[in-house]
Amino acid sequence: MSFPLLTATAVLPAVGAIATAAVPAARRSAAKWLALLVSLATLALAVTVLVRFDPDGDRYQLTESRAWIADFGVRYELGVDGIGVALIALTALLMPFIILAGWHDADPSPNAPLRSGRGGPDEAKAPYKWRPTQGFFALILAVEAMVIISFEATDVFLFYVFFEAMLIPMYFLIGGFGDRAHAGSDENASAQRSYAAVKFLLYNLVGGLIMLAAVIGLYVVAGNFSLQEIAEARANGTLDMATNTERWLFLGFFFAFAVKAPLWPLHTWLPNAMGESTAPVAVLITAVVDKVGTFAMLRFCLGLFPEASKWATPVILVLALISIIYGALLAVGQRDIKRLVAYASISHFGFIVLGIFAMTSQGQSGATLYMVNHGISTAALMLVAGFLISRRGSRLIADYGGVQKVAPVLAGTFLIGGLATLSLPGLAPFVSEFLVLVGAFARYPVAGIIATAGIVLAALYTLVLYQRTMTGPVKPEVSAMPDLRVRELVVVAPLIALLIGLGVYPKPLTELVNPAVKHTMSDVQKKDPKPEVEAAK
């Protein structure tokens with residue numbers, strides 16, 4: 001039996017999470033280094049998956065299949081296509097940077113007594129005010145494991161289990177390890193974190209419960225949960241879903257994925273969750289976890305329910321356009337740096353959904369590239385913003401000014417991250433946004449025109465943010481602000497290099513995802529529209 005590479009890629013961070021949580025309370029530094037080493041080892045496995053994957057080979061590769069719950073037709077089935085490989089690589093790549101950026105986010109406060117857990121009369125009186133470092137990094141690794149296996153699962157029930165299970169560690173990361181730069185009192189900050197965590201959990205649980213009903217309905221109709229077997233049965237005519245049944249099942253799946261994505265009007269949990277989280281956890285939410293929703297639209301909605309996907313396309317395109325414009329407009333009016341990035345992400349996810357349901361190869365290739373490039377650009381911008389906020393102790397834009405004069409490297413990296421967010425040509429997100437718009441124009445020109453307005457608004461909120469925080473007179477509160485330290489440069493520099501490298505030369509990524517996009521287009525039986533060119537006179 002060949003080495004189960006996909007299983008190992010998901011299991012390693014899970015085992016690392018358990019080991020990190022088990023590190024003794026007084027060995028916080030050991031827990032951090034263990035988590036970092038595990039994330040780097042997982043990255044090595046993800047690179048191995050990337051190298052072994054053949055874009056021109058079978059649709060699903062490195063497959064694994066074992067019996068799991070045989071009585072209910074549930075199998076442990078894994079396999080990756082080009083889209084899954086790209087997102088696994090993104091997840092594994094970002095994790096070491098997330099861990100390094102959050103190196104001190106769970107350290108105890110300076111005035112909080114450290115309890116060893118051995119008991120004693122003095123410790124009995126000492127309140128737990130410090131944050132358990134081991135738990136923080138263990139939860140991050142647990143999320144990584146669940147996200148990776150979600151990108152690998154080709155059994156619908158197996159996917160559903162981890163699609164829902166990742167909510168648990170995310171809930172504790174949001175509610176238990178919130179942003180220390182809160183304008184209110186400790187009690188108010190704790191209440192805000194709890195509200196954000198509960199809202200995140202409830203929204204996603206409701207979506208998951210609706211999806212569970214659809215998963216059960218799919219089993220009743222198809223008799224199994226295997227994505228490949230269901231697709232084969234549909235292709236050879238042995239599985240014929242009634243039109244109404246397919247549409248109801250599609251809606252059950254799509255609702256859950258739209259919540260996770262997040263798509264308007266199911267997006268309202270995201271600004272709260274990102275605003276109250278630490279910057280690394282905010283990156284984990286929008287650059288990693290939310291990608292599961294858009295990925296699942298491609299793999300499960302279009303793969304399992306092609307006719308229903310085409311039926312729902314007009315409404316979904318409208319929702320995507322509203323997300324693009326609404327998210328950008330609210331980003332323009334934000335006073336909080338992290339909430340601005342959150343609303344910008346809602347706008348970007350609108351572009352991703354637009355590309356998916358434009359039903360063109362350019363649109364879907366662009367959407368996949370957008371998932372990867374948005375993850376890198378948002379990570380760069382949000383992590384630098386987190387370094388900025390930790391220095392000043394405030395998330396409010398009005399509390400900054402003239403930072404580029406006292407911390408030029410910080411300001412420069414912040415500018416590059418912002419320019420990537422507005423999809424400046426030469427940076428990675430430009431390629432993906434261009435392809436999405438080309439794909440949308442080809443089939444739905446009005447939608448493409450409306451979506452273009454999002455580019456103008458992105459330039460507005462990004463440049464205004466930079467102008468208000470980095471330029472102008474130096475405010476007294478930032479006059480002694482230090483520039484980026486070595487650890488912070490190690491976090492930011494590779495992300496900036498990737499944004500430039502993939503912006504100048506995106507070919508390796510496009511060659512990876514284009515064959516998978518062709519399979520998806522075949523699922524929905526769509527071909528690219530031919531351009532209308534008037535005959536030369």
Side-chain angles (χ1 to χ4, degrees), residues 83 86-87 90-91 94 147 150 163 170 200 203-204 207 253-275 282-299 301-302 313 315-331 334 338-358 363-379 381-382 420-423 428-429 432-433 435-437 439-440 447 450-455 457-458 461-462:
I83 299 170
L87 293 174
L90 171 70
T91 302
L94 291 180
V147 169
S150 296
F163 180 81
M170 286 306 309
F200 163 82
Y203 267 66
N204 284 275
F253 278 75
F254 180 80
F255 184 87
F257 303 153
V259 172
K260 186 85 77 180
L263 185 68
W264 185 91
L266 305 172
H267 67 285
T268 59
W269 62 269
L270 182 67
N272 296 102
M274 288 184 65
V283 171
L284 188 63
I285 294 170
T286 190
V288 176
V289 172
D290 288 352
K291 298 301 188 300
V292 178
T294 47
F295 163 79
M297 290 180 189
L298 278 167
R299 173 167 283 190
C301 286
L302 272 60
T313 289
V315 174
I316 295 172
L317 291 180
V318 171
L319 298 180
L321 292 173
I322 293 174
S323 290
I324 292 170
I325 305 301
Y326 171 87
L329 285 173
L330 265 66
Q334 286 303 306
K338 291 168 72 175
R339 290 178 70 90
L340 185 151
V341 178
Y343 280 109
S345 291
I346 291 170
S347 181
H348 296 150
F349 275 101
F351 276 105
I352 295 172
V353 176
L354 175 65
I356 292 172
F357 284 90
Q364 293 188 358
S365 293
T368 304
L369 295 181
Y370 216 129
M371 287 187 247
V372 176
N373 294 332
H374 170 265
I376 299 170
S377 63
T378 299
L381 180 61
M382 178 60 82
T421 298
L422 64 82
S423 299
S432 45
E433 194 164 282
L435 285 173
V436 167
L437 291 175
I450 296 172
T452 305
I455 301 175
L457 293 172
Y461 63 68
T462 300

Write out all pairs satisfying side-chain hydrogen bond (donor to acceptor under 3.5 Å, both in side chains) with one or both partners inside residues 285-295, taking only residues at least two apart or from two chains. T286-S345, K291-H374
Check whether any side-chain heavy atom of L319 sits under 4.5 Å from a side-chain heavy atom of V353, and report yes or no. no
Mind checking the CD-OG1 spacing from E433 to T452? Nearest 0.5 Å is all I need. 8.5 Å
In Å and rounded to the nearest 0.5 Å, what is the CG to CD1 distance from L330 to I346? 8.0 Å
Using 0.5 Å steps for rounding, measure from the CZ atom of F163 to the CG atom of N204. 7.0 Å
If you look at every heavy atom in L270 and P262, which pair is closest and at what distance? CD2-CG, 3.6 Å
If you look at every heavy atom in A428 and N373, which pair is closest and at what distance? O-ND2, 3.1 Å
What do you reckon, are the aromatic ring centroids of H267 and F349 less than 6.0 Å apart? no
Evaluate the criterion side-chain contact (heavy atoms from CB on, under 4.5 Å) for residue pair R299 and I83; output intermediate values, then yes/no. CA-CA 9 Å; R299 173 167 283 190; I83 299 170; over 6 Å; no
Evaluate side-chain contact (heavy atoms from CB on, under 4.5 Å) for I455 paired with L422, printing each intermediate quantity in order. CA-CA 7 Å; I455 301 175; L422 64 82; over 6 Å; no
Is a side-chain donor-acceptor pair under 3.5 Å present for Y461 with T421? no
What heavy-atom pair brings I324 and G350 nearest, and what distance separates the two atoms? CG1-C, 3.6 Å
Non-hydrogen atoms of A451 and L354 that approach each other most closely: CB-CD2, 3.7 Å
What's the verdict on side-chain contact (heavy atoms from CB on, under 4.5 Å) for R339 and M274, showing C-alpha distance, side-chain angles and the deciding distance? CA-CA 7 Å; R339 290 178 70 90; M274 288 184 65; over 6 Å; no
How about L90 and L87: do any of their side-chain heavy atoms sit closer than 4.5 Å? yes
Considering all heavy atoms, the nearest S432-Y370 contact: CB-N, 3.3 Å
How close do G207 and A256 get, counting heavy atoms only, and between which atoms? O-CB, 3.2 Å
Are F257 and L263 side-chain neighbours, meaning at least one heavy-atom pair lies under 4.5 Å? no
Check the angle between the aromatic planes of Y343 and Y326 and answer parallel, tilted or perpendicular using the 30° and 60° thresholds. perpendicular
Test side-chain contact (heavy atoms from CB on, under 4.5 Å) applied to F357 and L302, step by step: CA-CA 9 Å; F357 284 90; L302 272 60; 3.8 Å; yes
Hey, could you give me the CG/OG distance between L266 and S323, rounded to the nearest 0.5 Å? 9.0 Å
From CD1 (I285) to CZ (F200), nearest 0.5 Å: 6.5 Å
State the CG-CH2 distance between L321 and W264, to the nearest 0.5 angstrom. 11.5 Å
